[in-house]
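Since the structure comes first, as structure tokens, the remarks are kept for the end.
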Amino acid sequence: MHPIVKLQKDWFKEGHTTSYEFRKEQLQKLKKMLNTFEKPILQALKFDLGKSEYEAYTAEIAFLKSEINDHIKHLKEWMAPVRVKAPLTHAGSKNYIMKEPYGTALVIAPWNYPVQLAVAPVIGAVASGNTVIIKPSELTPTVSWVIKRMIEQYFPPHYIAVIEGDKEVTQELMDQPIDYVFFTGSVPVGKKIMEQASKRLIPVTLELGGKSPAIVHQDANIDLAAKRIAWGKFTNAGQTCIAPDYLYVHHEVKPKFLNALQKYIFEFYGEESLLNEDYVKIVNRSHFDRLSSYLDEGNILAGGRVDSMQLRIEPTIIDQVTWSDEVMQEEIFGPILPILTYDDLEGIINEINEHPKPLALYYFGGSEEDQQKVTQSISFGGGCINDTLYHILNPHLPFGGVGESGMGSYHGKASFDTFSHEKSITKQTTKFDQKFRYPGSKIGLKAIKTILG
Ligand code: NAD
């Protein structure tokens, strides 16, 4: 066994993580750790991804602090056993569900929000009483280094440890007797993780990606739709799992919408976004080259320029794109927005349903009937009506995918539940013993038929 896995499993069995007081204290420590390491975190995010202080603080540190506060506030209530009702056959007994930690959890993180996505699952794992091993992304090495240092300063390795490295390290960890795996990353790697987990029947949460559509219908508030789509798409230079990947625009409102979109891109990033210090870069050359190749397709309406030294790509809108273009074959994960035009809502619902279930979907339109039609007839992880990304910021909404975009969910109580096994208990009375269940009971079959129908 890997020495850290053995250390954690042995320590877990000693029962240190059971009490409410212990878990609350660890959540408070996590918050203190984020405060102490705020500056190194912001610097590392700037160095690896070119994130501005505003984007880095709001999407990574503030998000985590709010998640920790929510967990501290509700911890006692979430930990409490849940009493349930029982049928007449169980008269005299008490029935309840205990929330039990799995043991040692492995959190595998991607690079796009490298602090948030490495630490947010840890909050749930700690609240539920697990020990945790974090495997940060190797593509943001400075952030990975900071995560290791801050965890080591605040937590002993038998409780929370960071193991840095690439896919070989991840595969080695996946061969260990881990009790729960929480993976955030791409669909192809998610499939490999699930395959490896199946060998030991390790339960998994898979937070994956895919192509998330946004739809702008003819009765939408066009200006606001353009503003919110520009924000949702180009934040983090489009390297957001729930960013609108591509756009369906109703042909009647297309010119007005595209004008407004261009206006907001300039307002947010300036006419020379490549020179804007706050505009995030592409994580590495191979992603930069992959994204740049899309710029040969369709008709570029805005943006399209690149800085190959700084790995920056302008916020780009590409028109006249079809489903057979390369840009529509896989998740874009960059600041390029292909536009598809439509006349008939029914038609695009069918088109979306012919593709893998998206992680997110955004519908812009005024009619309640159409809003319901879209949300009821397309299966997707989660999303917004008349907004983008905002659903992820509500801790009362579980966040996760469905089908190819993932399985399981987290944030708020969903995080606590994800890292807890629900153990069902019947506490039977010894004051009396109903006879009907035993062989030879004269009233047995009749009683069961009466009670159970
Ligand atoms: P990735 O799948 O390449 O890597 C994720 C993690 O898996 C990394 O820690 C990496 O070291 C490890 N890994 C890579 N290849 C592996 C292999 N063959 N075997 C075992 N482990 C391996 O993903 P990424 O490029 O870091 O992140 C981008 C992807 O993540 C996008 O698809 C995006 O949509 C998705 N994502 C999803 C969410 C979500 O919450 N659903 C959030 C952020 C990113």
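Counting starts at 1 for both ligands and their atoms, in listed order.
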query: Numbering the atoms of ligand 1 from 1, which are under 4.0 Å from a heavy atom of Phe333?
result: 28 (C), 31 (C), 33 (C), 34 (O)
message: Does this structure show an ion pair linking Glu267 with Lys263, if we count only N-O contacts that are shorter than 4.0 Å?
response: no
message: If we only consider heavy atoms of Ala109, is any one of them less than 4.0 Å away from an atom in ligand 1?
response: yes
message: If the threshold is 4.0 Å, N to carboxylate O, is there a salt bridge linking Lys413 and Asp70?
response: no
message: Between Asp245 and Lys211, does any NZ, NE, NH1 or NH2 come within less than 4.0 Å of an OD or OE carboxylate oxygen?
response: yes
message: Applying side chain to side chain donor-acceptor pair (under 3.5 Å) to Thr205 and Tyr180, what does each step give before you reach the verdict?
response: CA-CA 8 Å; Thr205 294; Tyr180 199 94; 2.5 Å; yes
task: Can you pull out the closest protein heavy atom to atom 42 (C) of ligand 1? Residue, atom name and distance to 0.1 Å, please.
output: Cys241 SG, 3.1 Å
statement: Contacts of Gln320 meeting side chain to side chain donor-acceptor pair (under 3.5 Å) (sequence neighbours excluded), chain-then-number -> none
query: Mind checking whether Tyr113 has a heavy atom under 4.0 Å from ligand 1?
result: no
- prompt: Any N/O of Gly185 closer than 3.5 Å to an N/O of ligand 1?
  reply: yes
Determine all donor-acceptor pairs shorter than 3.5 Å in which one atom belongs to a side chain in residues 298-306; sequence neighbours excluded.
residue, atom, partner, partner atom, Å
Arg305, NE, Glu314, OE1, 3.3
Arg305, NE, Glu314, OE2, 2.9
Arg305, NH2, Glu272, OE1, 3.4
Arg305, NH2, Glu314, OE2, 2.7

task: Tell me yes or no: between the side chains of Tyr264 and Asp223, is some donor less than 3.5 Å from an acceptor?
output: yes
statement: One finds that the ligand 1 atoms under 4.0 Å from a non-hydrogen atom of Asn112 are 43 (C), 44 (C)
Closest to atom 25 (O) of ligand 1 (judged by heavy-atom distance), picking from Phe399, Phe183, Trp111: Trp111
- line: Here the atoms of ligand 1 under 4.0 Å from any heavy atom belonging to Glu331 are 31 (C), 32 (O), 33 (C), 34 (O)
query: Are Lys148 and Glu164 close enough for a salt bridge, meaning some N to O gap below 4.0 Å?
result: no
- prompt: Do any N/O atoms on Ser137 end up under 3.5 angstrom from N/O atoms on ligand 1?
  reply: no
- request: With heavy atoms of Glu207 as the reference, note each atom of ligand 1 found under 4.0 Å away.
  value: 37 (C), 38 (C), 39 (C), 40 (O), 41 (N)
query: Do any non-hydrogen protein atoms sit less than 4.0 Å from atom 2 (O) of ligand 1?
result: yes
- prompt: With backbone taken as N, CA, C and O and side chain as the heavy atoms from C-beta onward, which portion of Leu359 lies under 4.0 Å from ligand 1: side chain, backbone, both, or neither?
  reply: side chain
message: Taking 4.0 angstrom as the limit and counting only heavy atoms of Pro110, give me the atoms of ligand 1 inside it, by number and element.
response: 24 (P), 26 (O), 27 (O), 43 (C), 44 (C)
message: I'd like the name of whichever of Ser212, Gly400, Ser186, Gly401 reaches closest to atom 29 (C) of ligand 1 through any heavy atom.
response: Ser186
- prompt: Looking only at protein heavy atoms, which one is nearest to atom 41 (N) of ligand 1, and how far off is it?
  reply: Leu208 O, 2.6 Å
message: Quick one about Glu351 and Trp323 (side-chain donor to acceptor, distance below 3.5 Å, no hydrogens or angles considered), yes or no?
response: yes
message: Closer than 4.0 Å to some heavy atom of Leu117 - which atoms of ligand 1 meet that?
response: 42 (C), 43 (C)
task: For the pair Glu138 and Lys167, find out whether any cationic side-chain nitrogen is under 4.0 Å from an anionic carboxylate oxygen.
output: no
message: Which of the numbered atoms in ligand 1 are under 4.0 angstrom from any heavy atom belonging to Thr184?
response: 5 (C), 37 (C), 38 (C), 39 (C), 40 (O), 42 (C), 43 (C)
- request: Please determine, by modelled atom types, if Tyr113 and Thr240 share a side-chain donor-acceptor pair under 3.5 angstrom.
  value: yes
query: Among protein heavy atoms, which lies nearest atom 13 (N) of ligand 1, and at what distance?
result: Val189 CG1, 3.8 Å
- prompt: Short N/O distance, under 3.5 Å, between Gln171 and ligand 1?
  reply: yes
message: Does this structure show an ion pair linking Lys9 with Asp179, if we count only N-O contacts that are shorter than 4.0 Å?
response: yes
query: Any donor-acceptor pair under 3.5 Å linking the side chain of Ser405 with the backbone of Val402?
result: yes
Interfacing atoms of ligand 1 (cut-off 4.0 Å, heavy-atom, Glu138): 10 (C), 11 (O)
message: Among all the protein's non-hydrogen atoms, which is closest to atom 12 (C) of ligand 1, and how far away is it?
response: Thr170 OG1, 4.0 Å
- prompt: Which protein heavy atom lies closest to atom 17 (C) of ligand 1, and at what distance to 0.1 Å?
  reply: Lys167 CB, 3.4 Å
